[in-house]
Amino acid sequence: MPYCRNCGNHESLASSQFAPSTETAAAPPWGLLANFNRNGQLTTMECQGASLDDAQEAFEEPEKYFDICPLCGSNEINW
């Protein structure tokens with residue numbers, strides 16, 4: 001199960017490879033965010049900057065793409 005070694009978050013991870021689609025004050029800071037279930041399986045993604053092809057690749061190989069904790073900003077992710 002992927003989790004952040006800094007804060008223990010195991011529910012969502014973000015990708016630093018994709019910038020958000022808009023740079024406004026209310027925009028999310030990540031272009032691609034993944035949500036995981038209790039078994040560590042990727043269940044849903046929030047795609048707001050990545051193309052659908054990029055999102056599909058990230059879904060197929062999440063350990064290559066989801067490298068940052070959206071809660072604390074740490075890149076100490078354990079896969």
Side-chain angles (χ1 to χ4, degrees):
M1 169 182 352
Y3 69 93
C4 175
R5 291 190 304 261
N6 186 54
C7 73
N9 168 37
H10 62 274
E11 295 178 356
S12 63
L13 294 175
S15 176
S16 63
Q17 297 181 34
F18 305 103
S21 59
T22 59
E23 294 187 19
T24 64
W30 318 108
L32 190 60
L33 184 79
N35 300 300
F36 297 87
N37 66 17
R38 290 182 175 253
N39 297 323
Q41 297 170 317
L42 197 158
T43 56
T44 60
M45 292 193 310
E46 298 173 28
C47 181
Q48 299 188 17
S51 71
L52 291 179
D53 288 337
D54 289 334
Q56 181 64 38
E57 284 183 38
F59 185 82
E60 292 171 4
E61 296 184 85
E63 63 279 352
K64 286 178 58 179
Y65 288 88
F66 299 103
D67 58 351
I68 195 160
C69 177
L71 300 182
C72 72
S74 173
N75 61 355
E76 295 181 35
I77 306 301
N78 187 45
W79 280 91

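- In this structure, Arg5 CZ and Asn75 CG are separated by 8.5 Å, a value rounded to the nearest 0.5 Å.
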Criterion side-chain hydrogen bond (donor to acceptor under 3.5 Å, both in side chains) on Asn35 and Thr43, from CA distance to verdict: CA-CA 6 Å; Asn35 300 300; Thr43 56; 5.8 Å; no
Test log, rule side-chain hydrogen bond (donor to acceptor under 3.5 Å, both in side chains), inputs Asp67 and Ser16: CA-CA 7 Å; Asp67 58 351; Ser16 63; 2.6 Å; yes
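- At least one side-chain heavy atom of Trp79 sits less than 4.5 Å from a side-chain heavy atom of Pro62.
- Pro70 has its side chain within reach of Asn9: a pair of non-hydrogen atoms, C-beta onward, lies under 4.5 Å apart.
- Minimum heavy-atom separation, Ser15 to Trp30: O-CE3, 4.3 Å.
- Residue Leu32 is not grouped with residue Ile68 when hydrophobic side chains (ILVMFWY) are merged at heavy-atom distances under 4.5 angstrom, including chains of intermediate members.
- Transitive grouping of hydrophobic side chains (ILVMFWY, heavy atoms separated by less than 4.5 Å) brings Ile77 and Tyr65 into a common cluster.
- Rounded to the nearest 0.5 angstrom, Thr44 OG1 and Phe59 CZ are separated by 9.5 Å.
- In terms of modelled atom types and a separation under 3.5 Å, the side chain of Ser74 and the main chain of Cys69 share no donor-acceptor contact.
- Using a 4.5 Å cut-off on side-chain heavy atoms (C-beta onward), Leu13 and Pro2 make contact.
- At a threshold of 4.5 Å between non-hydrogen side-chain atoms, the residues Gln48 and Leu33 do not count as touching.
- Under a 3.5 Å cut-off, the side chain of Asn37 and the backbone N or O of Asn39 do form a donor-acceptor pair.
- How far CG of Leu42 is from CD of Glu60: 11.5 Å, rounded to the nearest 0.5 Å.
- Nearest heavy-atom pair, Cys7 versus Cys4, reported as atom, atom and distance to 0.1 Å: N-SG, 3.4 Å.
- You'll find the side chain of Glu61 stays beyond 4.5 Å of the side chain of Glu57, heavy atoms only.
- For Gln17 (side chain) and Lys64 (main-chain N/O), a donor-acceptor pair under 3.5 Å exists by modelled atom type.
- Residues Arg38 and Met1 approach most closely at O-CE, 3.3 Å, considering heavy atoms.
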